[in-house]
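A quick write-up on the structure given underneath.
This chain uses plain numbering: 1 for the first residue, then up along the sequence.
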Amino acid sequence: MAGLAVQPDIAYAASPLHSFDLYVPPQPHVSPPLICFVHGGAWRSEDKADHAPLARRLAAFTRCPVAVPNYRLTTPATPLHHPAHSEDVLRFLTFLLTWPGPAPGTPPPYDPSRLYLVSHSCSAHILTSIFLTPPDPAAAYPSLVPDPRLLASTRALVLSDGLYDFDLLLHTYPAYKTWFIAPAFGTRTSYAPFNTTTYAPREGAEHLSWLVLHSTGDTLVDMPQSERIHARLCELYPPRRVERNFDELTEEHNQMLQGELYPRLVGQFILDDIAVTAASTLYCMN
């Protein structure tokens, strides 16, 4: 996209692993919403740079800036357990609310009161762990409670081909336990405490809109994961706030991010929500 500016490696905390890249299209108006894409990778792999093409396509389609963060991964050198990954993403999102901008006297190129969050694969679990809360308070992590300002600023979430119910996942893909579930969540007989399809909305998050996507060509994560989180969200939110698309995407798990359809589906959902919010605001003013 002509005129797209990239601001790489913006620190949101002290560690070199805590940084994000920001893709800023030419601005037709002041302070557009910000789109954040949080990468997947089974809590163990991928980097923000892997998703530069997707970020560029989202920015071009929506004319909104797109931020793509890194967060710490579970590796032999960094054997992190949940909730460390989610804590990092929450820290990043909270940072966006008060970031002074790329240079003194230059404000952020987005409106921090309008955030749209996009997730894929394991990051769908990361975001639902932040914006939903376990039914058992004893299973909740205080470190994952969002600032009320973040809840108020977040407009909508997109969840694509996500992981939510690990026990169900392992029934279909038992090898995933030793590959990435146990390294990130510990060795357990049941992972029910982390099943975000049983979670409830956090206080202050009742206004959120949701889009659940799943590709029919995904052989790494099966459709029941997305069906269950969609069914749960339909129990928690009014029908107008929960959308799904399980029919149009046909690519493999990560290949879907490389095509033109994924950013169009995500981008149109965001643009539609922006338009509805603007119309509602205008109506209230009149």
Side-chain angles (χ1 to χ4, degrees), residues 10 12 18 20-23 32-41 43 46 48 51 54-55 57-59 61-62 64-71 83 85-99 108 110-133 144-164 196 199 201-202 204-214 226 229-230 232-233 236-237 241-245 257 262-263 265-274 276-277:
I10 302 169
Y12 66 86
H18 294 140
F20 67 98
D21 297 339
L22 185 61
Y23 299 80
L34 176 66
I35 301 170
C36 303
F37 176 79
V38 184
H39 72 73
W43 296 273
E46 296 191 18
K48 56 186 173 60
H51 302 284
L54 172 60
R57 289 194 294 272
L58 273 175
F61 188 88
T62 62
C64 293
V66 177
V68 185
N70 270 348
Y71 53 89
H85 323 84
S86 299
E87 289 171 346
D88 285 0
V89 172
L90 178 55
R91 182 179 299 179
F92 157 69
L93 295 174
T94 305
F95 173 85
L96 295 173
L97 302 178
T98 57
W99 182 45
Y110 61 83
D111 179 356
S113 71
R114 293 189 292 163
L115 304 180
Y116 289 87
L117 312 184
V118 184
S119 61
H120 182 68
S121 194
C122 75
S123 67
H125 187 273
I126 288 174
L127 289 188
T128 52
S129 295
I130 294 171
F131 287 89
L132 301 175
T133 187
L144 296 185
V145 177
D147 186 309
R149 295 173 301 165
L150 176 60
L151 293 174
S153 296
T154 302
R155 307 309 310 159
L157 293 91
V158 178
L159 314 174
S160 64
D161 293 54
L163 313 177
Y164 314 99
T196 60
Y199 285 19
R202 292 194 185 274
E206 298 85 358
H207 65 282
L208 293 176
S209 295
W210 302 79
L211 171 63
V212 183
L213 298 173
H214 203 99
S226 292
I229 195 65
H230 175 261
R232 180 57 175 163
L233 292 171
L236 302 176
Y237 289 87
R241 296 204 178 278
V242 183
E243 299 182 28
R244 60 178 273 178
N245 188 320
L257 304 179
Y262 182 85
L265 293 175
V266 171
Q268 194 58 57
F269 169 75
I270 292 171
L271 291 176
D272 289 346
D273 189 82
I274 292 171
V276 168
T277 302

Tightest non-hydrogen contact, residues L22 and I10, listed as CB-CD1, 3.9 Å

List, one per line, each side-chain donor-acceptor pair under 3.5 Å for residues 151-158, sequence neighbours excluded.
residue, atom, partner, partner atom, Å
S153, OG, P112, O, 3.3
S153, OG, R149, O, 2.8
T154, OG1, L150, O, 2.8

Exercise: do S160 and Y262 side chains pair donor with acceptor under 3.5 Å
yes

By salt bridge (Lys or Arg N to Asp or Glu O under 4.0 Å), D161 pairs with (sequence neighbours left out) none

The side chain to side chain contact (heavy atoms under 4.5 Å, CB included) partner of I126 among L90, L144, L117, V89 is V89

Partner of N245 under side chain to side chain contact (heavy atoms under 4.5 Å, CB included), picked from V266, V212, L213, is L213

In this structure, CG of L211 is separated from CG of D273 (nearest 0.5 Å) by 10.5 Å

Report task. Start with the C-alpha distance between Y164 and L132, add both sets of side-chain angles, then the distance that settles side chain to side chain contact (heavy atoms under 4.5 Å, CB included), and finish with yes or no. Result -> CA-CA 12 Å; Y164 314 99; L132 301 175; over 6 Å; no

(message) Pair C36, F92 - check side chain to side chain contact (heavy atoms under 4.5 Å, CB included), show working.
(response) CA-CA 10 Å; C36 303; F92 157 69; 4.1 Å; yes

Residue set satisfying ring pair (Phe, Tyr, Trp, His ring centres under 6.0 Å) with F37, at least two apart, ordered chain then number -> H51

Exercise for review: Starting from the C-alpha separation in whole Å, work towards a yes-or-no answer on side chain to side chain contact (heavy atoms under 4.5 Å, CB included) for Y12 and D88.
Suggested key: CA-CA 9 Å; Y12 66 86; D88 285 0; 3.9 Å; yes

Correct closest heavy-atom pair for Y71 and G40 would be OH-O, 3.6 Å

Between S119 and L127 the two heavy atoms that sit nearest each other are CB-CD1, 3.6 Å

Shortest non-hydrogen pair, G162 vs A124, comes out as CA-CB, 3.7 Å

| query | Is a side-chain N or O of N70 found less than 3.5 angstrom from the main chain of K48, in a donor-acceptor match? | reply | yes

Minimal heavy-atom distance between C64 and P32, with the atoms involved, is SG-CB, 4.5 Å

Does any N or O in the side chain of R241 come within less than 3.5 Å of the main-chain N or O of L236, such that one atom is a donor and the other an acceptor?
no

Taking the side chain from E206 and the backbone from G204, do they hold a donor-acceptor pair closer than 3.5 Å?
-> yes

